[in-house]
**Q** 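Let me begin by handing over the structure; questions about it come next.
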Amino acid sequence: MADWERAFKELLAARGASLRAYAYLLTGESAAAADLVQDALLRVFGRLRVGSDVEQLEGYVRRAMLNQYVDGRRRARLWKANRHLLVDPVVHHDDDPALADEVRQALATLSPRQRACVVLRYYEDLSVLEIAAQLDCAEGTVKRHLADARTKLASLLAVPEETMK
C-alpha cells in the first residue's frame with residue numbers, strides 16, 4: 001500500500017466524520033457537503049507529496065474545503081450578477097400567480113411518469129416518439145400517461161379536456 005493510501009485511510013478513519021460535519025456547516029446541505037469533502041480530498045491527495053500526519057492533513061483538507069466553498073460562492077454570485085448579459089432571462093407568462101400556483105399543485109399530483117410525459121410534451125414540445133425514446137418505453141405507454149394526465153389535470157383545473165390537447 002502506498003504512503004498516500006495509508007494516510008488517506010487514517011485521515012478518513014480518524015477525522016472523516018469531523019470533515020463531513022465541517023462541510024455541512026459551510027454548505028448547509030448534505031449532498032453539497034459530501035461533494036465539498038470529496039473535492040477537497042481530491043485536491044489535497046492529488047498532489048504527489050502528501051505527509052502522513054493526520055492533524056496536518058486534516059488542516060490541509062479543511063483549508064481546501066474553505067477555499068473551494070468561498071470560491072464557489074464567489075463564482076455563483078458573479079454568475080448571478082452577469083448571466084443576464086449572456087443568457088436571455090426566462091420569461092414566465094404567469095399573469096395570474098394564483099393560477100400558476102394551482103397548475104403547479106395539479107402537476108404535483110401526477111405520477112412521476114405522467115408528469116415527465118406532460119413536461120416533455122407541452123414544455124419541451126417533443127413528439128410522442130421522442131418522449132418514448134427519452135423515457136425508454138413504448139409509444140402506447142406515453143400516450144396512456146398523457147391521456148391519464150390530461151384527464152386528471154382537466155378535473156383538477158376545471159378545464160374541459162378538449163382544450164388541453
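This one's a predicted model, so the numbers in the text were calculated from it and none came from an experiment.
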**Q** Indicate the atoms forming the closest heavy-atom contact of R121 with S127, along with that distance.
**A** NH1-CA, 3.8 Å
**Q** Does a sphere of radius 6.0 Å around CD in E139 hold more than 12 heavy atoms from other residues, nucleotides or ligands, not counting ones at 6.0 Å or beyond?
**A**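 Counting other residues, nucleotides and ligands, CD of E139 exceeds 12 neighbours.
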**Q** Between E130 and L126, which heavy-atom pair has the shortest distance, and what is it?
**A**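 E130 and L126 have their closest heavy atoms at OE1-CA, 3.3 Å.
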**Q** State plainly whether one hydrophobic cluster holds both L107 and L156, where clusters connect Ile, Leu, Val, Met, Phe, Trp and Tyr through side-chain heavy atoms under 4.5 angstrom apart.
**A** no
**Q** Side chains of L135 and L120, heavy atoms from C-beta outward: is any pair under 4.5 Å?
**A**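 With C-beta onward as the side chain, the pair touches.
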**Q** Can you tell me how far apart CG (L157) and CD (Q105) are? Round to the nearest 0.5 Å.
**A**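 Here the rounded value is 10.0 Å.
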**Q** How long is the span from the SG atom in C117 to the CD atom in E124, to the nearest 0.5 Å?
**A** 13.0 Å
**Q** What is the distance from atom CZ of R113 to atom CD1 of I131, rounded to the nearest 0.5 Å?
**A** 12.0 Å
**Q** How close do A40 and A64 get, counting heavy atoms only, and between which atoms?
**A**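 Shortest heavy-atom contact: CB-CB, 4.0 Å.
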**Q** Under 4.5 Å between side-chain heavy atoms, counting indirect links through other Ile/Leu/Val/Met/Phe/Trp/Tyr residues: same cluster for L146 and V103 or not?
**A**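 L146 and V103: one cluster.
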**Q** Is a salt bridge present between D148 and R144, judged by a nitrogen-to-oxygen distance below 4.0 Å?
**A**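 Yes, D148 and R144 are salt-bridged.
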**Q** Can you confirm whether Y22 sits close enough to L66 that some side-chain heavy atom of one is under 4.5 Å from a side-chain heavy atom of the other?
**A** yes
**Q** Does Y24 share a hydrophobic cluster with V61, counting links as ILVMFWY side-chain heavy atoms below 4.5 Å and allowing steps through other members?
**A** no
**Q** Verify the distance criterion only: is there a donor paired with an acceptor across the side chains of Y122 and R150 at less than 3.5 Å?
**A**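 Yes.
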**Q** State, yes or no, whether a side-chain contact exists between F45 and L57 at a heavy-atom distance under 4.5 Å.
**A** yes
**Q** To the closest 0.5 Å, what do you measure between CD (E58) and CE (M65)?
**A**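 Separation between the atoms: 9.0 Å.
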**Q** Atom CD in Q68, atom OG1 in T27: separation rounded to 0.5 Å?
**A** 12.0 Å
**Q** With Y60 as reference, evaluate R62, Q56, R63 under the side chain to side chain donor-acceptor pair (under 3.5 Å) test and give the passing residue.
**A**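 That would be Q56; it is the only one of R62, Q56, R63 passing the side chain to side chain donor-acceptor pair (under 3.5 Å) with Y60.
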**Q** Mind checking the CZ-CG spacing from R74 to N67? Nearest 0.5 Å is all I need.
**A**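 Here the interatomic distance stands at 9.0 Å.
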**Q** Passes side-chain contact (heavy atoms from CB on, under 4.5 Å), L12 versus L41? Steps please.
**A** CA-CA 10 Å; L12 288 183; L41 288 169; 3.9 Å; yes
**Q** Counting heavy atoms not belonging to D71, are there more than 12 under 6.0 Å from its CG?
**A** yes
